[in-house]
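Reading through the structure tokens given below for one structure.
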Amino acid sequence: MKQDGIKRTSIERLKSRFETAYYSEDMVITPLVMFRELDDLTALIQGVSIGVTVSGTARIKINGKLHELRPNTLFIFNENTVIEQVKASIRSSGYMITYSQQYLNSIHVDTQDLISIYHGFLDDPCVQVAPEEAVYIHDISKLMRTVLCDTAPSENRKKIISSLFAAMFHYVMGILQKHSLPGSSTVSNRTDELFNTFLDLLRVHCSTERSVEFYANKMNITPKYLSLILKKKSGRNASKLIDEAVVYEAKRLLKYSGLSINEIAQKLNFASQSFFGKYFKQRVGVSPSRYKIWDGRTEDIIARDELSETMPEVEE
């Protein structure tokens, strides 16, 4: 979607807009807000927002399509979502958590099926959930706000918040899986079919295959056409989606497999540990060893591992 001339709403602006919001550097948790107050925020949101409506109704245009938010509507806006207008009843209210991709990369979430669920939700970003599901999301959000507020103990605050966020994230992903897992509904056209086929292939092969050509050949289409389809359906090209899948798998292995960084590099089909380290740090912002910092190793061991990742390979 063409985005030139569209006003951007950054996480920083959201922080200043909601004076009573609780937030960390790359995340904002709003208090209960009235949707009619959001007219001036009609924009492209530079982050991912997960929200739930509490009361009233609101009609909102998302990427050119009109949606109605009723009580207990779960909505997700990704970084490519364009909100064109908001018309809300007097009592319409809700809350949302907005986070950056950097924040999601900084913590661990079990993302084995994240890409298929998340991108399958883009065509219909609003889902009506059961009241008890909305209450559960609200309770986790409320606890996160309590931990983030000024009166909460500061020791281990980031770890507590990341754990609560991961719990909320997985719960929301479970709801989306019930509603919109690609392949669970009738494929409407050839584009949807190819998109779902790519996601199926990506889940199977992301551990060993990172080239667009591999997936295009499997689908009997050109790499350029594959990227065009993925861009249309998800807002990302093929390379970006493949990178995300590889990074998600690398994060899972680093946290829970017990394998060494070199073993993980081999398992993910990287030429060397050094190349894997550079690849991971470029996309996540920290080295693989730094990502594993909570596993009890000392700073000396971390420093030694990081040095080994950056040292040039010695040819035999």
Nearest heavy-atom pair of [X] and [Y]: which atoms, and what distance?
X: A134; Y: Y95; answer: O-OH, 3.7 Å
X: F280; Y: P288; answer: CD2-N, 3.6 Å
X: A216; Y: T222; answer: CB-C, 3.8 Å
X: A245; Y: C206; answer: CB-CB, 3.8 Å
X: Q273; Y: I261; answer: CG-CG2, 3.8 Å
X: T57; Y: R70; answer: CG2-CG, 4.3 Å

task = Walk me through it: do E244 and V247 pass the test side-chain contact (heavy atoms from CB on, under 4.5 Å)?
result = CA-CA 5 Å; E244 288 180 355; V247 168; 5.8 Å; no

Hey, quick one: are [X] and [Y] part of the same hydrophobic cluster, counting side-chain heavy atoms closer than 4.5 Å, chains of contacts allowed?
X: F169; Y: V147; result: yes
X: V135; Y: F165; result: no
X: I76; Y: I140; result: yes
X: V204; Y: L241; result: no
X: L143; Y: Y99; result: yes

Nearest 0.5 angstrom please: [X] [atom1] to [Y] [atom2], how far?
X: M144; Y: S163; atom1: CE; atom2: OG; result: 10.0 Å
X: R59; Y: L66; atom1: CZ; atom2: CG; result: 4.5 Å
X: I221; Y: R190; atom1: CD1; atom2: CZ; result: 7.5 Å
X: Y225; Y: M219; atom1: OH; atom2: CE; result: 9.0 Å
X: E193; Y: I229; atom1: CD; atom2: CD1; result: 10.0 Å
X: L201; Y: N196; atom1: CG; atom2: CG; result: 11.0 Å

key: Backbone N/O of T53 and side chain of T73: donor-acceptor pair under 3.5 Å   = no

task = Please answer whether the main-chain N or O of P71 pairs with a side-chain N or O of Q128 as donor and acceptor at a distance below 3.5 Å.
result = yes

Would you say the side chain of [Y] lies within less than 4.5 Å of the side chain of [X], judging by non-hydrogen atoms?
X: C126; Y: F75; result: yes
X: F198; Y: K218; result: no
X: L74; Y: I50; result: yes
X: I29; Y: I97; result: yes
X: L268; Y: E249; result: yes
X: I264; Y: F270; result: no
X: L253; Y: E263; result: no
X: I137; Y: I175; result: yes

task = Would you check if there is a donor-acceptor pair between the side chains of S289 and S287 at a distance under 3.5 Å?
result = yes

ask   = Run the side-chain contact (heavy atoms from CB on, under 4.5 Å) check on Y279 and D243 step by step: do they pass?
value = CA-CA 9 Å; Y279 177 96; D243 276 349; 2.6 Å; yes

request  = Mind running side-chain contact (heavy atoms from CB on, under 4.5 Å) on Y171 and E133 for me, showing each step along the way?
outcome  = CA-CA 9 Å; Y171 189 78; E133 292 175 326; 3.4 Å; yes

key: L230/N237 under side-chain contact (heavy atoms from CB on, under 4.5 Å): CA gap, chis, key distance, verdict   = CA-CA 6 Å; L230 299 179; N237 60 29; 5.9 Å; no

Plane angle bin for H205 and Y215 - parallel if under 30°, tilted between 30 and 60°, otherwise perpendicular = perpendicular

